[in-house]
Amino acid sequence: IPALLGLALALASLLPTAGARRSQDLHCGACRALVDELEWEIAQVDPRKTIQMGSFRINPDGSQSVVEVPYARSEAHLTELLERVCEKMKEYGEKVDPATHRKSYVRVISHDGTKMDLSGVKFDGDVTSSLKFACESIAEEYEDELIEFLSHEAENVKDRLCSKRTDLCDHALHIPHDEL
């Protein structure tokens with residue numbers, strides 16, 4: 001009986017780890033997908049499109065402190081994107097690495113309509129709703145950081161935000177750097 005008790009305790013100690021890893025895989029995947037989607041949306045905006053920023057009040061000398069900035073990376077555009085980008089998570093599926101059993105999340109519907117390799121990808125309502133919920137949580141909690149990184153053309157936003165700034169992907173060293 002002591003051996004069975006020891007085995008039961010050993011198994012019980014593993015359960016939270018597996019759950020925590022699943023949760024981390026989900027949040028890491030949601031963060032990376034969120035950044036991918038935001039960067040894709042930004043790239044779709046005409047680079048010549050601008051928005052006026054600054055004060056519209058008249059200065060004592062008769063001038064205005066208004067500047068035109070590129071719309072794609074403006075705070076107004078990024079805030080608008082953050083409000084709706086997590087809807088795109090319904091276009092993602094879950095893929096489990098057979099060697100590590102870690103989960104990653106991949107697009108199942110391409111942006112341009114090309115056929116995608118969906119072998120080994122789980123695509124159902126549970127996956128998409130979990131991913132969407134995690135995305136919304138991240139977008140809300142890290143809105144300022146997302147806007148800060150994306151308002152400038154920063155390199156490696158996924159790694160800088162999802163790994164270094166937030167620790168959502170502390171295992172990200174073995175995640176391949178994919179492109180959309």
Side-chain angles (χ1 to χ4, degrees), residues 17-51 53-54 67-97 99-112 114 116-117 121 127-180:
T17 306
R21 189 175 74 194
R22 264 196 306 276
S23 176
Q24 183 188 35
D25 288 351
L26 175 65
H27 284 86
C28 176
C31 184
R32 295 176 71 79
L34 170 64
V35 172
D36 280 343
E37 292 302 322
L38 289 169
E39 287 180 329
W40 188 85
E41 291 282 344
I42 289 167
Q44 301 313 299
V45 176
D46 182 345
R48 296 172 300 207
K49 188 173 180 178
T50 60
I51 186 172
M53 302 292 292
V67 292
E68 289 205 351
V69 297
Y71 175 72
R73 294 186 182 274
S74 68
E75 186 172 340
H77 182 235
L78 295 173
T79 301
E80 177 190 317
L81 288 178
L82 282 170
E83 289 175 10
R84 61 181 167 84
V85 72
C86 292
E87 292 298 321
K88 299 280 187 182
M89 297 303 117
K90 67 181 179 231
E91 299 172 6
Y92 280 77
E94 180 180 87
K95 193 168 193 160
V96 179
D97 183 305
T100 64
H101 303 289
R102 299 302 295 249
K103 294 179 180 175
S104 61
Y105 297 87
V106 295
R107 261 189 159 279
V108 295
I109 302 170
S110 69
H111 288 293
D112 62 3
T114 57
M116 305 198 50
D117 175 20
V121 176
V127 168
T128 56
S129 65
S130 296
L131 196 59
K132 182 177 182 257
F133 182 76
C135 175
E136 290 168 344
S137 299
I138 293 164
E140 184 177 325
E141 186 173 348
Y142 298 106
E143 179 178 2
D144 294 341
E145 288 86 347
L146 283 159
I147 290 172
E148 174 192 333
F149 281 124
L150 293 167
S151 63
H152 307 88
E153 290 191 49
E155 293 290 314
N156 300 323
V157 173
K158 270 193 286 196
D159 291 333
R160 290 176 60 201
L161 180 76
C162 300
S163 297
K164 294 182 177 97
R165 180 67 68 94
T166 65
D167 284 335
L168 290 168
C169 297
D170 70 0
H171 68 286
L173 298 174
H174 73 271
I175 294 176
H177 296 276
D178 48 18
E179 296 291 331
L180 281 179

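Position 1 is the first residue of the sequence; numbering continues from there.
The pair D97-R102 does not count as a salt bridge, with every side-chain nitrogen at least 4.0 angstrom from each carboxylate oxygen. Note on E37 versus R107: salt bridge recorded, some NZ/NE/NH1/NH2 to OD/OE distance being below 4.0 Å.
With 2.5 angstrom as the limit on SG-SG distance, C169 and C28 come in below it.
The closest donor-acceptor contact from the side chain of R73 to the backbone of L150 lies under 3.5 Å. Side-chain atoms of S163 never come within 3.5 Å of backbone atoms of R160 as a donor-acceptor pair (strictly under, hydrogens ignored).
Here the shortest heavy-atom pairing between Y105 and G29 reads CD1-CA, 3.7 Å. Across every non-hydrogen atom of L146 and A139, the tightest pair is CD1-CA, 4.0 Å. For the residue pair I42 and L81, the shortest heavy atom distance occurs at CG1-CD1, 4.2 Å. For the pair V69 and S74, the tightest heavy-atom approach, listed with the atom from each and the gap, is CG2-CB, 4.4 Å.
More than 12 heavy atoms of other residues, nucleotides or ligands shown are found within 6.0 angstrom of CD on Q44. The environment of E75 atom CD is sparse: at most 12 non-hydrogen atoms of other residues, nucleotides or ligands sit within 6.0 angstrom.
Between F149 and R165 there is a side-chain heavy-atom pair separated by less than 4.5 Å. Using a 4.5 Å heavy-atom threshold, the side chains of K88 and E41 count as touching. The closest side-chain heavy-atom distance from M89 to T128 is not below 4.5 Å. Under the 4.5 Å side-chain criterion, counting only non-hydrogen atoms from C-beta, L38 is not in contact with L78. Residues D36 and K158 meet the side-chain proximity criterion, which asks for heavy atoms closer than 4.5 Å.
Rounding to the nearest 0.5 angstrom, the gap separating the CG atom in L161 from the OH atom in Y142 is 8.5 Å. Separation of atoms CG (L34) and SG (C86) is listed at 5.5 Å; rounding is to 0.5 Å. The CG atom of L168 sits 7.0 Å away from the NE2 atom of H27 when rounded to the nearest 0.5 Å.
Remark: T50 engages E68 in a side-chain hydrogen bond (donor to acceptor under 3.5 Å, both in side chains) (not counting sequence neighbours).
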Under 3.5 Å, which donor-acceptor pairs do the side chains of residues 129-138 form with other protein atoms, sequence neighbours left out?
{"from": "S129", "atom 1": "OG", "to": "G125", "atom 2": "O", "distance (Å)": "2.9"}
{"from": "S129", "atom 1": "OG", "to": "D126", "atom 2": "O", "distance (Å)": "3.3"}
{"from": "S130", "atom 1": "OG", "to": "D126", "atom 2": "O", "distance (Å)": "2.9"}
{"from": "K132", "atom 1": "NZ", "to": "E87", "atom 2": "OE2", "distance (Å)": "3.3"}
{"from": "K132", "atom 1": "NZ", "to": "E136", "atom 2": "OE2", "distance (Å)": "3.1"}
{"from": "S137", "atom 1": "OG", "to": "F133", "atom 2": "O", "distance (Å)": "3.0"}

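Ring-plane geometry between Y71 and H77 is classed as tilted, the angle between the planes lying from 30 to 60 degrees on a 0 to 90 degree scale.
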Query raised in the report: Checking side chain to side chain contact (heavy atoms under 4.5 Å, CB included) for the pair V157/E39: CA distance, chi angles, key distance, verdict?
Result: CA-CA 9 Å; V157 173; E39 287 180 329; 3.6 Å; yes
Report task. Apply side chain to side chain contact (heavy atoms under 4.5 Å, CB included) to R32 and D159, showing your working. Result -> CA-CA 8 Å; R32 295 176 71 79; D159 291 333; 3.3 Å; yes
